[in-house]
Q: 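After the structure tokens below, expect a handful of questions from me.
Per chain, numbering begins at 1; letters A, B, ... match sequence-line order. Side chains are part of it too, since the values below use all heavy atoms of this structure and drop only hydrogens, waters and symmetry mates.
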Number of protein chains: 2
Amino acid sequence: MNITIKDVAREANVSVATVSRVLNNKSNVSDEAVHAVNRAVEKLGYSPNFLGRDLRKSETKRILAIIGSTEESFYNDVLRGMQDACFSQGYDVLIATTRNDPEHEMHLLGMLFSKAVDGAVLLAPKIDSKTILELSKKYSIAVCLERLDTEGILCVTINNERAGYDATSYLIGKGRKRIGLITTKIRSQSSVDREKGYRRALEEAGIPFDERLVYYGDYSSDTGTRACEEFLKLENKPDAIFSISDIISLGAMVYANNHGYKIGKDILFFGFDNILFSHMFIPRLSTVDQPCYLQGKTVAEKLIANMKAEEPDISTYMLPHSLILRESTGD
Amino acid sequence: MNITIKDVAREANVSVATVSRVLNNKSNVSDEAVHAVNRAVEKLGYSPNFLGRDLRKSETKRILAIIGSTEESFYNDVLRGMQDACFSQGYDVLIATTRNDPEHEMHLLGMLFSKAVDGAVLLAPKIDSKTILELSKKYSIAVCLERLDTEGILCVTINNERAGYDATSYLIGKGRKRIGLITTKIRSQSSVDREKGYRRALEEAGIPFDERLVYYGDYSSDTGTRACEEFLKLENKPDAIFSISDIISLGAMVYANNHGYKIGKDILFFGFDNILFSHMFIPRLSTVDQPCYLQGKTVAEKLIANMKAEEPDISTYMLPHSLILRESTGD
DNA sequence: ATGCCTATTGAAAACGATTAGAAAAAATGA
DNA sequence: TCATTTTTTCTAATCGTTTTCAATAGGCAT
């Protein structure tokens, strides 16, 4: 039924060993053999079964990127970075989505245990960090875009605390004193860190923390809208709002805009992620840009290096972020 | 080094065959054996090597979704649909991106030839349809969200011609006579079909086709902006614009808005895809909604059915789309 | 012709699972 | 008890590769 290396060998009048050698460009094989095998391969339309190959070699040359969903658009650049790094070393990148279900995430990591992939990159881990850390001792795992709350695993991200601090400080520098924060109820390490940075900036500026100015929602634009509504109901309204994602900021801006507030004057907005839409609407949104492509490229490179290395690199790399200043902060 | 089924057998004092039977919940195995094996598995932390299993069984229980990039946000629902259909039948869904490079798409299809996955769904095929058709005779391939220009392969999509017709007719029904079309230079079958529908609607309404009212660009919002700029420079300006994607429409609306046109009155806009942002900004965008989740679910179900079937189903299924009417068409 | 070296080759043993078929053990019936 | 059936177990073959190791062929120098 299926054409195997044996059929090729028979057709080419050589042994399977020779066919294998030709297929893998081994040097010690005669020109005649090369031709005969290539001709047979061509004639039979043979293509090698990777299950056999991978089993024998005990490697698949594939790495798995585990994401929550494909919805977050900035994953795209991260994945591009990973691909570039992987392709140049002969690896393929496969993607799988957890749908933000820790159990399913674990199931996907099973592809590592069962040797269906050589390594995995978690782009938004939901399972607890102790488990991940434990697994990383046996398997090639890295974390990207996030960090675990404990050290001990290869991790490529930005300094989210610092980014939160920078954005908030920028608003403070603009003379703002009542700065709202919109973040998520379900805490990823990055949002925890961004909130920490927000608080530190306030503290350093001598601005008292006001819990009424922190809104906990989800990642949707609706959250931004509702948060903004809450904030603007307050007696002591905020004069600036920092959100941990652009989507949220945009939702908030829509509300403020529709209710007669002059964005960039009455109230400033700072987002996070620099998504496509952040500069599509007037006023354009100031935001934190993180080096997505570079993070992806870096994590893949280091993960592959780890797979070959005696002693794996388990450092955390924080790549530089930058502030993009636009009309929403009066720039 | 690695724990194999042999180690488990030794630990449990049974043969590898028995271990395998326990692992696969075969009925003809004693309770004692089950316990002994489970204990050994637990103790050794064994997890089966799928390369061995898959090689022997000649199936991987994995199907591959091939997309251009993760950027197009509506892929997410399609993938969700595919996952739901697949999981319920014990299949995993892996995703891979072609970066819109036909060569790379071919490389990914190689996973099919090399038996690394059991089937593949193309969500935006770039390689020519003859090749795909040819391959589909030997391997389990389906197409989703698009159709090939030739019949003969399992395909789940919407009727794009009809959708283009419906959107354009709606604008005509609103009394519009000069309707612009923004589409893409690089033609996917869906954009070709949408344009056909646009033309048919004009024709049926007795409105002459005017090539100055068709703009060919890419999938970006910039294209929308530039197209709108071109259109509004014309002596005989359009009073409505249909774009083959929401992103483009939004870009166009931004331009019109900034130049003093009253959207929904002076000029109507109709988009395509019903993306999240289409209803985030005022005026909200009227658009064509396609059943993403259902398309994904359907294509996966039918593909899996095909893999078991004697005679594969090679029909094209067109699922119903719907028009979402909002302020941009004065609704 | 002989020996020695090198370049190619092939036979067979992996890799880690599943599974047919044989064998052993247990259960059943008389 | 023993023959017969049923249940459970094991041995060994198999899936399609790669790779070790031994064997062969050919070239060259003596």
Q: Atom CZ of Phe113(A) to atom P of dA17(C): distance rounded to whole Å?
A: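 My rounded result for the distance is 15 Å.
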Q: Is a salt bridge present between Asp54(B) and Lys115(A), judged by a nitrogen-to-oxygen distance below 4.0 Å?
A: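 Between Lys115(A) and Asp54(B) there is no salt bridge, as every charged N stays at least 4.0 Å from the carboxylate O atoms.
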Q: Are Asn306(B) and Ser140(B) close enough, and set up right, to give a side chain to side chain donor-acceptor pair (under 3.5 Å), and what steps lead you there?
A: CA-CA 7 Å; Asn306(B) 268 1; Ser140(B) 295; over 6 Å; no
Q: Do the side-chain N or O atoms of Asn2(A) get closer than 4.0 angstrom to the phosphate oxygens (OP1, OP2) of dG16(D)?
A: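 The answer is no; no side-chain N or O of Asn2(A) sits under 4.0 Å from OP1 or OP2.
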Q: Would you work out how much the helix from dA1(C)-dT30(D) to dA30(C)-dT1(D) bends between its ends, with each end axis defined by five base pairs, to 10 degrees?
A: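 The angle separating the two end axes equals 50°.
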Q: Rounded to the Å, how far apart are Phe50(B) CZ and dG16(D) P?
A: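 Phe50(B) atom CZ is separated from dG16(D) atom P by 20 Å.
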Q: Assess the residue pair Asn49(A) and Thr4(A) against the criterion (side-chain contact (heavy atoms from CB on, under 4.5 Å)); give the C-alpha distance rounded to whole Å, side-chain angles, the decisive distance to 0.1 Å, and a yes or no.
A: CA-CA 8 Å; Asn49(A) 182 320; Thr4(A) 73; over 6 Å; no
Q: Does any non-hydrogen side-chain atom of Ile5(B) lie less than 4.5 Å from one of Pro48(B)?
A: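 The answer is no, as the side chains (C-beta and beyond) never meet within the 4.5 Å cut-off.
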Q: Roughly, in whole Å, what's the span from CZ in Arg21(A) to P in dT8(C)?
A: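 It works out to 11 Å between those atoms.
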Q: Once you measure the plane-to-plane angle for Phe87(B) and His107(A), does it fall in the parallel (<30°), tilted (30-60°) or perpendicular (>60°) bin?
A: perpendicular
Q: How do Ser30(B) and Gly52(B) order along DNA chain D: which one's closest nucleotide is nearer the 5' end?
A: Ser30(B)
Q: What distance do Gln189(A) atom CD and Leu148(A) atom CG have between them, rounded to the nearest 0.5 Å?
A: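 Nearest 0.5 Å value for the CD-CG distance: 8.0 Å.
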Q: Return yes if the base of dT18(C) and the side-chain atoms of Arg56(B) contain a donor-acceptor N/O pair under 3.5 Å, otherwise no.
A: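 Such a pair is found, so the answer is yes.
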Q: Could you tell me how far apart Glu32(B) (CD) and dT8(D) (C1') are, to the nearest whole angstrom?
A: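 Atom CD in Glu32(B) sits about 10 Å away from atom C1' in dT8(D).
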Q: Looking at DNA chain C, which of residues 40-49 of chain B put a heavy atom within less than 4.0 Å of it?
A: Tyr46(B), Pro48(B), Asn49(B)
Q: Once you round it to whole Å, what is the distance between P of dG16(C) and CZ of Arg53(A)?
A: 18 Å
Q: Could you walk me through whether Asn76(A) and Ser73(A) pass side chain to side chain donor-acceptor pair (under 3.5 Å), step by step?
A: CA-CA 6 Å; Asn76(A) 195 50; Ser73(A) 59; over 6 Å; no
Q: In this structure, are over 12 heavy atoms from other groups packed under 6.0 Å from Lys126(B) atom NZ?
A: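 Correct, the count exceeds 12.
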Q: In whole angstroms, how far is the P atom of dC10(D) from the CZ atom of Arg10(B)?
A: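 That distance rounds to 14 Å.
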Q: Is any side-chain N or O of Asn28(A) closer than 4.0 Å to OP1 or OP2 of dT9(C)?
A: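 Negative; the distance criterion is not met.
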Q: Which of these nucleotides, dT18(D), dT9(C), dT9(D), is closest to any side-chain atom of Lys57(A)?
A: dT18(D)
Q: Where do Met111(A) and Leu94(B) land on the side-chain contact (heavy atoms from CB on, under 4.5 Å) test, with the steps shown first?
A: CA-CA 11 Å; Met111(A) 293 187 61; Leu94(B) 294 176; 3.9 Å; yes
Q: Here's a test of your reading of the structure: between Lys26(B) and Leu55(B), which maps to the more 5' nucleotide of DNA chain C?
A: Leu55(B)
Q: Checking side-chain hydrogen bond (donor to acceptor under 3.5 Å, both in side chains) against Arg147(B), which of Thr157(B), Asp193(B), Asn160(B) comes through?
A: Asp193(B)
Q: Side chain of Thr4(A), heavy atoms from C-beta onward: which of dG16(D), dC10(D), dA11(C) has the nearest atom to it?
A: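 Of the candidates, dG16(D) comes closest.
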Q: Would you mind classifying the nucleic acid contact of Asp54(A) as base, sugar-phosphate or nothing, using non-hydrogen atoms under 4.0 angstrom?
A: nothing
Q: Atom CD of Glu59(A) and atom P of dT17(D): how far apart are they, to the nearest Å?
A: 17 Å
Q: Measuring to OP1 and OP2 of dT19(C), would you say a side-chain N or O of Ser20(B) lies under 4.0 angstrom away?
A: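 So the side-chain polar atoms of Ser20(B) never come under 4.0 Å of the phosphate oxygens OP1 or OP2 of dT19(C).
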Q: Between P on dT9(C) and CG on Asn13(A), what's the gap in Å once rounded to a whole number?
A: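 Rounded to the whole Å, the gap is 12 Å.
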Q: Considering every strand and a 4.0 Å limit on heavy-atom distances, what is the contact class for Leu51(A): base, sugar-phosphate, or nothing?
A: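 Contact class for Leu51(A): none.
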Q: So if I take every side-chain heavy atom of Thr18(B) and compare against dG10(C), dC10(D), dG16(C), which nucleotide ends up nearest?
A: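 Shortest atom-to-atom distance from the side chain points to dC10(D).
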